[in-house]
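Since the structure comes first, as structure tokens, the remarks are kept for the end.
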Amino acid sequence: MPKLHPTLTAELQLSDGRKFSLPVYQSNLGYDAIGVESLQKEKLFTYDQGLTSTALCESSITYIDGDQGILLHRGYPIDELALRKSYLDVAYLLLNGELPNTEELDAFKKEISSHYMVNEQFTRLFQGFRRDSHPMAVMCAASSALAAFYHDILEDSQKSRDKTAIRLLAKMPTLAAMCYKYSIGRPFMYPQNNLSYAGNFLYMMFATPCEPYVVNPVLERAMDRIFTLHADHEQNASTSSVRSVASSGPNPFACIAAGIASLWGPAHGGANEACIKMLEEIGTVDRIPEFIARAKDKNDPFRLMGFGHRVYKNYDPRAKVMRETCHEVLKELGVTTPLLEVAMELERIALSDPYFIERKLYPNVDFYSGIILQAIGIPTSMFTVIFALARTVGWIANWKEMCEESLKIVRPRQIYTGYTERHIDK
Ligand code: SDX
């Protein structure tokens with residue numbers, strides 16, 4: 001990535017007369033950024049709670065235009081990728097910068113499928129958990145445990161990083177399916193290298209040793225599309241957590257565990273599980289006004305799950321594709337669910353309500369995903385695990401980009417508001 005060169009300067013003047021010239025760095029797309037590194041020597045910090053206006057890094061992987069509701073992966077719009085390419089096409093694009101040709105995709109698929117299996121000792125890791133453990137707790141542990149199996153501190157090379165990327169991409173579906181099987185007391189199913197990435201995941205989730213399992217192509221396509229829609233999303237909370245942890249140079253599998261932990265929260269990836277629970281609690285269309293009122297009541301902590309976004313102040317383009325996929329899958333399966341009717345009416349009412357319009361609150365990626373996951377047969381407790389599985393490639397792509405660029409340790413400062421120096425009484 002070409003080094004940043006300032007194109008403008010920003011003149012900062014304090015009311016005490018101090019003046020500073022600061023560089024302004026130009027982005028290829030979106031906002032330019034003021035470089036504030038030099039303020040430290042002037043004994044000044046900047047302060048930006050929640051980093052709402054702070055660029056953590058340079059990146060060329062994904063771009064979001066929140067005002068226009070645009071999401072590009074290496075320049076390609078998300079709807080084109082989700083509707084015309086496979087998840088492994090998109091994973092290759094995120095990791096390598098270009099879409100694969102047929103030969104490259106075949107080689108990529110073959111390499112990934114040869115790493116689907118996990119060490120047989122992994123089965124014992126699960127024995128330490130209660131059957132009713134939340135699968136995200138198990139996934140956090142399982143990802144860290146991979147670090148124990150690949151404990152050799154990786155040499156700092158492209159080849160080593162590429163191998164780690166393959167291992168993680170290949171094993172996350174296996175670990176996710178093992179979490180599910182363990183939670184229902186069913187035997188783990190070995191990966192099937194002859195199946196597609198999504199097909200193999202569905203096989204490991206739903207096949208049993210007692211009878212043949214045939215992957216439903218409708219579900220396979222829907223699963224693959226859901227993976228694509230969750231693959232990467234700039235410096236969201238979990239991706240920036242991975243970057244922050246990776247900046248000190250630990251084992252990359254441990255960095256991914258940090259991403260899984262951050263994604264778990266209901267404000268982030270956990271919103272898909274929280275959203276379906278909200279839709280089930282609403283139950284019927286006539287109860288929607290009660291919940292809209294609660295979402296607007298400042299004395300009520302309730303928020304509409306699957307609504308609002310730190311960056312999108314327009315419709316999340318992934319939610320549009322997810323809603324279309326919802327209709328397509330339910331129709332092809334001949335399935336109806338009151339939850340879709342509730343979701344659509346909730347969206348219609350919220351988008352015409354001044355409270356949501358003024359705050360530019362729209363459905364996000366988590367609003368419709370749970371309805372499709374339920375139609376596929378995925379239990380609610382596994383929804384965020386699916387998000388983590390799909391987002392792993394985004395975390396890896398950012399980890400690789402960071403390692404290849406500048407592994408500068410992430411070490412923010414603070415505004416100290418505590419005691420000045422004091423001493424223990426004699
Ligand atoms: C993901 O960053 C990413 O890219 C994340 C993600 C990804 O792919 O990685 O896109 C995935 O995490 C999507 C978001 C999933 N989370 C939810 O759906 C949870 C519900 N949404 C909110 O909690 C909230 O919208 C956030 C956390 C997503 C964003 O919150 P912000 O940017 O910190 O905004 P805010 O909390 O300052 O809210 C601004 C105003 C407030 O009202 P006022 O104080 O101005 O009166 O909007 C209100 C909030 O109360 N508001 C909501 C709301 N979201 C914001 N009110 C009701 N319901 C909501 N969902």
Side-chain angles (χ1 to χ4, degrees), residues 30 48-56 59 61-67 69-73 78 82 90 94 136 226-243 259-279 282 288 290-322 343 346-347 349-351 353-370 383-384 386-395 397-398:
D48 177 15
Q49 195 176 26
L51 303 183
T52 56
S53 307
T54 295
L56 173 70
S59 181
I61 302 169
T62 291
Y63 171 70
I64 299 171
D65 181 330
D67 298 327
I70 291 170
L71 167 58
L72 306 177
H73 289 318
I78 186 61
V90 176
L94 291 171
M136 282 299 277
I226 285 178
F227 287 160
T228 296
L229 292 171
H230 289 86
D232 190 45
H233 212 238
E234 279 193 9
Q235 301 312 314
N236 56 83
S238 54
T239 300
S240 50
S241 299
V242 169
R243 279 186 176 257
I260 295 172
S262 170
L263 189 76
W264 191 356
H268 190 12
N272 56 13
E273 178 179 355
C275 181
I276 210 79
K277 286 179 177 168
M278 174 190 75
L279 293 174
I282 294 173
I288 290 174
E290 170 197 337
F291 284 83
I292 293 275
R294 285 188 57 197
K296 293 156 61 173
D297 177 358
K298 290 303 168 202
N299 299 316
D300 187 329
F302 173 79
R303 285 194 165 181
L304 286 190
M305 290 290 109
F307 249 81
H309 199 277
R310 171 60 60 76
V311 175
Y312 288 123
K313 301 310 169 191
N314 201 320
Y315 213 102
D316 183 333
R318 301 167 297 175
K320 280 183 188 160
V321 180
M322 203 70 88
L346 177 60
E347 175 187 343
I349 295 174
L351 294 188
D353 184 301
Y355 174 93
F356 294 89
I357 295 169
E358 283 156 18
R359 292 165 179 81
K360 298 182 178 180
L361 302 175
Y362 291 84
N364 59 50
V365 67
D366 295 311
F367 191 63
Y368 285 101
S369 57
F383 285 5
T384 312
I386 302 292
F387 197 148
L389 188 173
R391 183 54 58 88
T392 295
V393 70
W395 293 333
N398 276 271

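Residue indices begin at 1 and follow the sequence shown. Fair warning: this is a prediction, and the values are worked out from it, not measured in the lab. Whatever order the structure lists ligands and atoms in, that order sets their numbers, starting from 1.
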Next item on the list: Check each atom of ligand 1 against the heavy atoms of G306 and keep those under 4.0 Å away; list them by number with element.
Entry: 17 (C), 18 (O)

Next item on the list: Any atoms of ligand 1 less than 4.0 Å from a non-hydrogen atom of K298? List them with their elements.
Entry: 42 (O), 43 (P), 44 (O), 46 (O), 50 (O)

Note to self: Under 4.0 Å from a heavy atom of P266: which atoms of ligand 1 are those, numbered in the order shown and with their elements?
What the structure shows: 16 (N), 19 (C)

Note to self: Looking at G306, is its backbone amide N or carbonyl O close enough to the side chain of N364 to form a donor-acceptor pair, meaning the two atoms are under 3.5 Å apart?
What the structure shows: yes

Note to self: Is the contact between F367 and ligand 1 made by the side chain, the backbone, both, or neither, using heavy atoms and a 4.0 Å cut-off?
What the structure shows: neither

Next item on the list: Enter the distance from T62:OG1 to L94:CG here, rounded to the nearest 0.5 Å.
Entry: 5.5 Å

Item checked: Any Y312 heavy atom less than 4.0 Å from ligand 1 -> no

Notebook entry, point to check: Do any nitrogen or oxygen atoms of H268 come within less than 3.5 Å of a nitrogen or oxygen of ligand 1?
Noted result: yes

Note to self: Return the closest protein heavy atom for atom 16 (N) of ligand 1 as residue, atom name and distance.
What the structure shows: A267 O, 2.9 Å

Checklist line | ligand 1 contacted by K296 (non-hydrogen, < 4.0 Å) | finding: no

Notebook entry, point to check: Backbone, side chain, both or neither: what part of R318 comes under 4.0 angstrom of ligand 1, heavy atoms only?
Noted result: side chain

Notebook entry, point to check: So, S369 versus N272: side-chain donor-acceptor pair below 3.5 Å or not?
Noted result: no

Next item on the list: Determine, using heavy atoms of L361 and all atoms of ligand 1, whether some pair is separated by less than 4.0 Å.
Entry: yes

Next item on the list: For E290, look at atom CD and say whether over 12 heavy atoms of other residues, nucleotides or ligands are found less than 6.0 Å away.
Entry: yes

Next item on the list: May I ask you to list the atoms of ligand 1 that are less than 4.0 angstrom from any heavy atom of A295?
Entry: 57 (C)

Notebook entry, point to check: Within the structure, does at least one protein heavy atom fall under 4.0 Å of atom 37 (O) of ligand 1?
Noted result: no

Margin query: So if I count the atoms of ligand 1 from 1 in the order they appear, which ones are less than 4.0 Å from some heavy atom of R391?
Written below: 7 (C), 8 (O), 9 (O)

Check: Which of the atoms of ligand 1 are close to A271, meaning less than 4.0 Å from one of its heavy atoms?
Finding: 15 (C), 16 (N), 17 (C), 18 (O)

